[in-house]
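Just so we're on the same page: letters track the sequence lines, and every chain starts at 1.
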Amino acid sequence: MTNAEIARLFGEIADMLDILGEDRFRVISYARAARQIESLTGDVEALVRAGRLGEVAGIGPALSEKIAEFVATGRIGVHEELRTKFPPGVLDLLAIRGVGPKKVRLLWQDLGITTLEDLEAAARQRRLRRVKGFGEKTEENILRAIELHRQGMTRALLWDAAALVDRFIAHLRSAAPLDRVEPVGSFRRMRETVGDVDILVTTSDPKAVVAAFTSAPGVREVLAEGEVKSSVLVEYVGYVDDRSRMFQVDLQVLKPESWGAGLQYFTGSKDHNILLRAMAERRGMKLNEYGVFRGEARIAGATEEEVYAALGLPWIPPELREDSGEVDAALAGGLPQLLEGRDIRGEFHVHTDATDGTEPIETMVDAARRLGYGYVGISDHSVSATVAFGLTADKALERRDRVRALNRELDGFAVLLGTECDILYGGAMDYPDEVLREFDFAIAAVHSKFTLPEKEQTARIVAAVENPHVNILAHP
DNA sequence: GCCGTTTTCGGCCCGACTGTTTTCAGTCG
Ligand SMILES: Nc1nc2c(ncn2[C@H]2C[C@H](O)[C@@H](COP(=O)(O)OP(=O)(O)OP(=O)(O)O)O2)c(=O)[nH]1
Ligand SMILES: [Mg+2]
Ligand SMILES: [Mg+2]
Ligand SMILES: [Zn+2]
């Protein structure tokens with residue numbers, strides 16, 4: 001919680017300094033530090049205690065001191081002093097698309113606008129156009145942007161985004177001549193949540209691709225439409241809550257020779273990009289989404305490997321591109337080996353047609369072997385899971401002979417007979433201990449009473465995992 | 001405010017789209 005709170009305060013300091021017209025590089029420092037702390041995987045307080053804050057890129061003596069101040073007192077003095085200069089509501093104006101720090105400053109200073117309601121009223125009354133740089137179109141855009149803001153947009157689960165990605169790419173393929181297409185941004189970096197969907201395309205006909213993009217099914221708003229890039233808002237339905245929401249999709253279109261540089265740029269992260277671009281500059285090169293250049297000459301750009309190699313780096317997996325030390329590690333030849341799908345050796349949570357699966361044990365074993373697994377654990381439901389056709393103890397255990405036969409037959413592959421056993425209301429297991437001990441393994445799972453008070457639910461689960469015959473706790 | 005195999009001071013990523021503007025600033029990716 002402390003990480004999120006410090007990130008929020010640094011973000012607000014950046015916004016306030018920006019609106020006040022302070023040095024933009026100081027603004028950038030606060031904004032970058034906010035992103036860094038937000039994406040730390042460990043507790044910032046632990047770093048403070050260990051005196052290791054300075055190891056985080058972009059956090060120097062001044063910011064370290066402010067973080068330490070927050071950890072000690074729960075406040076950041078600079079933030080509180082700045083806050084007194086701003087009427088409540090002013091910072092909220094920044095959430096409106098198309099309204100940035102410069103416009104907020106003008107709206108506030110010239111028209112006394114400090115809230116969204118003020119802004120809406122002034123736009124309706126056509127008073128914005130009196131301000132330098134504002135016109136009729138700006139008023140229209142701001143009114144529409146306020147409307148969209150009020151519908152509320154949140155980050156999406158990677159899973160929801162995946163459905164949207166599939167839909168969009170299928171449409172693009174069917175409606176325009178694509179060379180290559182790839183979902184990029186935080187989606188490619190496999191973040192747990194994504195703020196939007198970013199898609200990279202190469203083609204010989206950019207106009208056709210952009211046109212197909214902006215007219216895709218579900219598009220409710222075209223935010224920008226240019227020669228090589230476009231942004232839209234689409235409606236999508238959440239997998240978990242089945243609710244309809246608006247979500248942004250960004251498109252970048254490039255020529256085939258820039259595929260690698262485009263992938264590098266559009267995959268990000270932003271801070272990773274800035275790091276690479278600064279590094280290119282120091283080495284007398286320039287890096288952008290079109291390629292790596294030395295003078296006028298493009299020296300790399302067709303593949304990502306080539307782009308990283310031109311900078312003297314090995315290819316860095318997207319999951320690591322977060323400005324969290326990956327560039328230094330790559331330079332030192334010390335990138336970590338990431339887990340891959342092929343590292344998965346087997347699975348224990350496998351149902352069959354005996355309960356709510358659709359295939360018999362033998363078919364599941366075949367499928368596991370085709371995936372290159374070394375073992376599979378069969379775990380059908382226990383008797384109380386009636387909606388999932390849970391098995392009586394006798395029915396569950398009578399399959400031991402079948403499993404033994406399979407194991408005799410198979411070389412270098414193990415089949416285990418287990419159970420996904422319900423945790424009953426009070427924490428007792430659905431099968432008695434004499435039955436549980438007969439299985440090769442037992443998973444404990446909650447399939448009822450999901451909404452118990454936290455204390456009771458926790459006690460229930462703790463009781464289950466304390467059972468000596470339980471090996472695995474299932475899904476939440 | 002941060003940071004460095006050309007720097008401890010003087011730089012700080014780079015480009016597209018939009019609207020307002022007679023040549024470019026602001027915002028966004
Ligand atoms: N060089 C550079 N690249 C940027 C900048 N902003 C964004 N990008 C690149 C890197 C990002 O990963 C990519 C997509 O931008 P997004 O705003 O969609 O960010 P991203 O997908 O990383 O995170 P998100 O989950 O959408 O918030 O565009 C920038 O200021 N400079
Ligand atoms: Mg994104
Ligand atoms: Mg984006
Ligand atoms: Zn289950």
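- Contacts of Leu223(A) with the nucleic acid, taken as non-hydrogen atoms under 4.0 Å apart, are absent.
- A donor-acceptor pair under 3.5 Å is formed between the side chain of Ser258(A) and the backbone N or O of Tyr290(A).
- Within the structure, a side-chain polar atom (N or O) of Tyr290(A) is placed less than 4.0 Å from OP1 or OP2 of dA16(B).
- At least one side-chain nitrogen or oxygen of Asn288(A) sits closer than 4.0 Å to the OP1 or OP2 atom of dG15(B).
- Counting any heavy atom pair closer than 4.0 Å across all strands shown, Gln252(A) reaches no nucleic acid atom.
- Residues Asp323(A) and Arg32(A) are paired through a salt bridge, judged by an N-O separation under 4.0 Å between the basic side chain and the carboxylate.
- Here Arg75(A) does not pair with Glu69(A) in a salt bridge; the nearest charged N to carboxylate O distance is not below 4.0 Å.
- With respect to Glu322(A) and Arg189(A), a salt bridge is recorded, a charged nitrogen being found less than 4.0 Å from a carboxylate O.
- Near DNA chain B, defined here as any heavy-atom distance below 4.0 Å, the residues from residues 59-89 of chain A are Ile59(A), Gly60(A), Pro61(A), Ala62(A), Leu63(A), Lys66(A), listed numerically.
- The pair Arg126(A)-Glu136(A) does not count as a salt bridge, with every side-chain nitrogen at least 4.0 angstrom from each carboxylate oxygen.
- Asp15(A) meets the side chain to side chain donor-acceptor pair (under 3.5 Å) test with no other residue; sequence neighbours excluded.
- Shown here, dG29(B) forms a base pair with dC14(B); the pair counts as Watson-Crick or G-U wobble because both key distances fall under 3.5 Å.
- Salt-bridge annotation for Glu22(A) and Lys85(A): absent, with no side-chain N of the basic residue lying under 4.0 Å from a carboxylate O of the acidic one.
- For the segment residues 32-44 of chain A, the set of residues with a heavy atom within less than 4.0 Å of an atom of DNA chain B is empty.
- Side-chain atoms of Asp343(A) come within 3.5 Å of backbone N or O of Glu340(A) as a donor-acceptor pair.
- Ring pair Phe348(A)/Tyr375(A) is tilted by interplanar angle, where 30° to 60° counts as tilted.
- Going from atom CE of Met279(A) over to atom P of dC3(B) covers 17 Å, rounded to whole Å.
- Here the P atom of nucleotide dA16(B) and the NZ atom of Lys207(A) are 15 Å apart, to the nearest Å.
- Computed from coordinates, the Gln264(A) CD to dC14(B) P distance equals 13 Å when rounded to whole Å.
- Salt-bridge check for Asp271(A) with Arg35(A): passed, with a basic side-chain N closer than 4.0 Å to an acidic carboxylate O.
- In this structure, Glu140(A) places its CD atom 15 Å from P of dT18(B), rounding to the nearest Å.
- If you check residues 2-29 of chain A against DNA chain B, the residues with a heavy atom closer than 4.0 Å are Asp23(A), Phe25(A), Arg26(A), Ser29(A), listed by number.
- Summarising the geometry, the separation between CD1 on Ile274(A) and C1' on dC2(B) is reported as 13 Å, rounded to the nearest angstrom.
- Using a cut-off of 4.0 Å between Lys/Arg side-chain N and Asp/Glu carboxylate O, Glu227(A) and Lys207(A) are scored as salt-bridged.
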(request) Take nucleotides 19-29 of chain B nucleotide by nucleotide from the 5' end and write B, S or -, depending on whether a protein heavy atom sits under 4.0 Å from the base, only from the sugar-phosphate, or from neither. (result) SS-----SSSB
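- The list of side chain to side chain donor-acceptor pair (under 3.5 Å) pairs with a residue in residues 144-153 of chain A, not counting sequence neighbours, reads Glu120(A)-Arg150(A), Arg144(A)-Glu147(A), Arg144(A)-Glu221(A).
- A ring-ring contact (aromatic ring centres under 6.0 Å, His included) with Phe247(A) is found for one member of Phe168(A), Tyr236(A), Phe187(A) and no other, namely Tyr236(A).
- Atom CD of Glu65(A) is surrounded by 12 or fewer heavy atoms from other residues, nucleotides or ligands within 6.0 Å.
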